[in-house]
Each structure stands twice: as structure tokens, then as C-alpha cells.
2 protein chains.
Amino acid sequence: MAVTREQIVTRAIEHLNQAPAASMAEIAQAAGVHRATLHRHFATREELIIALGWRAHEAWQRVHDEIGLDTALRTGERVEETLHALLVAHIEVAEEHGFALTEHLVGINPELVRRAEELEAREIELIEACQRAGVLRADLPPRWVSNTVYGLLVAVRESLRRGDVARRDTPRLLLETFLRGTS
Amino acid sequence: MAVTREQIVTRAIEHLNQAPAASMAEIAQAAGVHRATLHRHFATREELIIALGWRAHEAWQRVHDEIGLDTALRTGERVEETLHALLVAHIEVAEEHGFALTEHLVGINPELVRRAEELEAREIELIEACQRAGVLRADLPPRWVSNTVYGLLVAVRESLRRGDVARRDTPRLLLETFLRGTS
DNA sequence: CGAATTTGCGACATTCATGTCGCATTCTAT
DNA sequence: ATAGAATGCGACATGAATGTCGCAAATTCG
């Protein structure tokens with residue numbers, strides 16, 4: 001098998017990141033596969049997009065695993081380090097799977113939405129833990145803080161796309177801006 | 001004339017805010033006009049989208065006028081108040097014309113892009129003035145700060161869409177988060 | 001090596017959005 | 001009241017994307 005199903009997903013994500021409205025023919029070409037073959041793997045366009053959505057959510061979950069989010073929530077320790085690690089790790093994921101954040105079908109599929117809510121709920125738990133520990137101010141709604149992270153990731157993405165900032169500066173800028181603001 | 005051209009633009013914006021991929025037929029219906037009539041006003045879909053883009057940019061310009069951005073830049077006075085006014089005013093505009101921020105054609109049209117760059121340049125000037133005045137920290141690239149505003153507006157939009165925060169709280173949340181961060 | 005699976009390829013039908021047109025009707029302004 | 005302009009309406013042509021199929025070639029695996 002020259003091109004595996006997993007490779008198709010990867011390359012489709014890459015291409016859709018640059019051309020969010022690409023057709024199946026375009027995606028097939030970018031994946032190095034004939035259009036018919038693409039349809040053999042994913043009967044419909046929707047099926048493909050959903051598969052890409054799952055891939056993105058897997059990467060998201062992996063971030064939670066790698067930074068030890070569960071442990072931090074269970075023990076209530078190292079919440080600050082965990083928060084910082086989460087933010088930085090999000091940059092990588094968002095860069096790779098960013099299109100999933102804006103893709104409409106991903107926000108429609110009930111199972112994907114539920115999965116996203118689960119993942120988001122854990123991050124909100126972390127935010128609340130940080131607020132209790134005095135790491136984050138407690139006068140902001142946790143969900144607003146969570147959405148702030150999302151918005152700042154959009155800013156990172158946009159800044160990189162336009163060449164406003166260097167790739168290596170983004171973790172610092174994100175952390176600084178998120179935690180201490182701009183004034 | 002039951003429905004003016006301007007009304008069509010207004011209603012099209014409203015509808016596209018909720019259904020960014022709406023067809024011309026859908027837009028016509030939302031505007032209370034026959035599809036053929038819509039095409040008499042705007043020969044192609046692109047023409048319509050561009051018109052909506054101009055409307056959004058007019059509103060943006062009006063914000064600059066109303067807060068006295070020019071005067072602040074010229075005199076170098078009241079930069080802090082002007083910055084705050086700009087942020088709060090952006091909430092309104094973004095809510096109304098937000099779809100233009102993500103609409104692809106708007107980001108492609110050369111004249112609209114140039115106009116957007118002009119407007120953005122003035123805001124960056126304000127940011128730089130604030131940095132010189134000690135209102136904003138000077139160790140963040142002005143363009144990053146500008147993109148941060150954009151990202152936080154996305155967060156506001158998303159928070160309202162999901163019902164995470166009350167409409168009346170958004171100015172405070174935006175200002176607080178932007179200026180002082182979350183910690 | 002040989003059978004089985006997979007892929008490339010091109011053709012086809014279908015659906016959907018787009019853009020145009022002619023005609024009857026309605027509205028508007030003088 | 002009436003001429004001119006704009007609208008509603010339905011029909012039409014066109015093009016693009018989607019999804020399916022059969023067959024030949026290539027790849028994989030036993």
C-alpha cells in the first residue's frame with residue numbers, strides 16, 4: 001500500500017489547513033491518490049471531514065496525556081506547570097489541526113461535539129484548580145478564560161500566517177499575554 | 001422600493017453571520033427579495049460579498065472617527081482612553097460584521113485588503129503610542145498586540161454564541177483580560 | 001510464482017449553485 | 001392617471017462537485 005489511510009488523513013489535514021474549501025479532487029491530488037481511491041476510503045466528503053476531526057481530537061487527548069493533566073487534577077499539585085505546558089502544547093496542535101477549529105461539520109457532528117466538550121471540561125477543571133490555587137485570578141469566569149485561550153491561539157495562527165512574529169517567539173508571547181496581559 | 005440595496009446588504013450580513021456558506025437563493029430569501037432581484041443588484045456572489053466587506057470596513061472606519069483616533073494620534077494625548085474606547089467599540093462592530101473577518105473573499109480582494117491594512121496600521125500606531133506612553137508594555141511586538149485584540153474578539157464572539165458570558169459583561173472581560181491578563 | 005486485493009483511470013449520472021432571460025405585475029413619481 | 005422603472009416569477013443553460021462503476025494494471029501476500 002503506497003499511501004495508507006492514515007497518510008491520506010494527514011495530508012488532507014495539511015492541505016485543508018491552507019485551502020479550507022478544497023474539493024475532493026483537490027484533496028485526492030494533495031494526498032497523492034486518485035479521486036476514486038479517496039472515495040473508497042471515505043464514501044462522502046462529510047465522512048472524510050469527520051475522520052479528520054477525530055484525528056485532531058486524538059492529538060488533543062494526547063496533549064492531555066503527555067502533560068499529565070489527569071494527575072494534576074487528581075492531586076491538585078503542579079497545576080501551574082501543567083497550565084503552562086498545556087498552553088505551549090496547544091500551539092503545536094493548533095498549528096497542525098487548526099482547520100478543525102473552524103470547520104463547520106466538525107462543530108455539527110454530535111459525537112465530535114461531545115468529545116470536544118469532554119476535553120474542554122477537563123481544561124476548565126484545570127483553570128478552576130488554578131484559580132483556587134491563586135495561579136489565576138478568580139474574578140473571571142472559567143469558561144471565558146478557556147475561550148481566551150482559544151482566541152489567543154487564533155492570534156498565534158494569524159500572526160504566523162502573516163509573518164508578524166517568529167515561530168520560536170510564540171510560546172513566550174502566548175504565555176506572557178495570557179497571564180500578564182499587555183499593560 | 002420595498003427593499004433597498006442597503007437593506008439587502010444589512011440583511012445579507014445578518015444571515016451570513018449565522019450561515020457563512022449560505023447560497024444566493026438563501027440570502028435572497030433572508031433579505032425578502034427574489035433571487036433574480038438579488039442578482040440585479042449584485043451580478044455575482046463575489047460582488048455581493050465584496051459589497052458586504054466594504055460595509056464592514058465603513059463601520060470600522062466610523063469607529064475610528066467616533067473615538068477620535070486621528071486626534072489622539074496627532075496630539076499624542078488621551079491615548080489610553082482612546083485605546084479603551086477602541087476595544088469596546090470593536091465588540092459591537094465584530095458582532096455585526098464578524099463574518100467579514102473570516103470570509104475568504106474579503107481577504108482576497110486587493111482593494112479591501114489594502115483598506116484593511118490602512119485601518120489596521122492606524123490601530124498599530126495607537127498601540128505604539130500607548131507603548132511609548134507606558135500604557136502598554138513595550139516588550140511585545142505591536143503587530144502581536146494587534147492580533148491579540150483580534151483573537152480576543154473571536155473569544156468574545158464565541159463566548160456569546162455559546163452563552164458562556166452575559167452580553168453586558170463582555171467589555172469588562174475584554175478590557176481586563178487584554179490589559180492585565182488572567183493571573 | 002500466482003491468487004487476491006488494491007489502485008489508477010476514465011466515464012457516467014446526479015445534484016446543486018450560479019447567472020441570464022422574457023414576461024407579467026406592481027410600484028413610483030410626475 | 002399614466003409612463004417608466006423595478007420586482008416577482010418561472011424557465012433555462014452552464015459549470016462544478018459529488019458519488020458510482022467497470023476494467024485494466026499494479027501491488028501485496030501466501
Side-chain angles (χ1 to χ4, degrees), chain A residues 1-56 99-100 102-112, chain B residues 1-56 98-112:
Chain A
M1 229 181 278
V3 180
T4 70
R5 184 185 167 101
E6 291 308 301
Q7 282 177 316
I8 293 179
V9 170
T10 302
R11 296 175 188 177
I13 288 177
E14 285 169 12
H15 189 253
L16 284 173
N17 263 329
Q18 298 191 331
S23 68
M24 290 293 271
E26 228 178 299
I27 298 173
Q29 193 177 8
V33 146
H34 194 271
R35 196 168 66 92
T37 303
L38 181 59
H39 270 102
R40 285 184 191 110
H41 283 289
F42 309 95
T44 73
R45 187 179 209 280
E46 176 166 348
E47 204 175 308
L48 170 63
I49 300 294
I50 300 302
L52 307 193
W54 282 112
R55 164 71 72 88
F99 95 97
T102 56
E103 173 57 54
H104 197 232
L105 282 172
V106 173
I108 288 298
N109 183 274
E111 299 168 32
L112 274 179
Chain B
M1 229 183 277
V3 179
T4 71
R5 184 184 165 102
E6 291 308 302
Q7 282 177 314
I8 293 178
V9 170
T10 302
R11 295 176 188 177
I13 288 177
E14 285 170 11
H15 189 253
L16 284 173
N17 263 328
Q18 299 191 330
S23 68
M24 290 293 270
E26 230 179 297
I27 298 172
Q29 193 177 8
V33 149
H34 194 269
R35 195 167 68 90
T37 303
L38 180 60
H39 270 102
R40 285 186 192 109
H41 283 288
F42 310 94
T44 70
R45 186 179 209 279
E46 176 166 348
E47 205 176 307
L48 171 63
I49 301 294
I50 300 302
L52 307 193
W54 282 113
R55 164 72 71 87
F99 95 97
L101 301 178
T102 57
E103 172 57 55
H104 196 232
L105 281 173
V106 174
I108 287 299
N109 184 271
E111 300 168 33
L112 274 178

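Naming: A, B, ... by sequence-line order, numbering from 1 per chain.
Across all non-hydrogen atoms, the minimal contact from A:Gly32 to A:Val3 is O-CG2, 4.0 Å. Taking every heavy atom of both residues into account, B:Met24 and B:Phe42 meet most closely at CE-O, 4.2 Å.
Proximity of B:His41 to B:Val9: side-chain heavy atoms (C-beta onward) are nowhere separated by under 4.5 Å. Using a 4.5 Å cut-off on side-chain heavy atoms (C-beta onward), B:Arg55 and B:Thr10 make contact. Annotation: side chain of B:Ile49 is in contact with side chain of B:Leu16 (closest heavy-atom distance under 4.5 Å). Between B:Arg45 and B:Ile27 there is a side-chain heavy-atom pair separated by less than 4.5 Å.
Between B:Gln7 atom CD and D:dT7 atom P there is a gap of 11 Å when expressed in whole angstrom units. Computed from coordinates, the B:His39 NE2 to D:dT7 P distance equals 15 Å when rounded to whole Å. For the pair B:Leu38 CG and C:dT18 P, the computed distance is 10 Å after rounding to whole Å.
A 6.0 Å sphere centred on CD of B:Glu47 holds more than 12 heavy atoms belonging to other residues, nucleotides or ligands. For A:Glu103, the CD atom sits in a packed shell: over 12 heavy atoms of surrounding residues, nucleotides or ligands are nearer than 6.0 Å.
With the end axes of the helix from C:dC1-D:dG30 to C:dT30-D:dA1 each set by five pairs, the angle from one to the other reads 40° at 10° resolution.
With A:Thr37 as reference, A:Arg40 is the one residue of A:Arg35, A:His39, A:Arg40 to meet the side-chain contact (heavy atoms from CB on, under 4.5 Å) rule. If you run side-chain contact (heavy atoms from CB on, under 4.5 Å) between B:Ile50 and each of B:Leu112, B:Thr44, B:Val106, only B:Leu112 comes through.
Within residues 18-32 of chain B, the residues that have a heavy atom under 4.0 Å from DNA chain C are, in order of number, B:Ser23, B:Met24.
The side chain of A:His41 places an N or O atom within less than 4.0 Å of a non-bridging phosphate oxygen (OP1 or OP2) of C:dT7.
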What N/O pairs connect the protein and nucleotides 9-15 of chain C at under 3.5 Å? Give each pair on its own line.
{"from": "C:dC9", "atom 1": "N4", "to": "A:Arg40", "atom 2": "NH2", "distance (Å)": "3.4"}

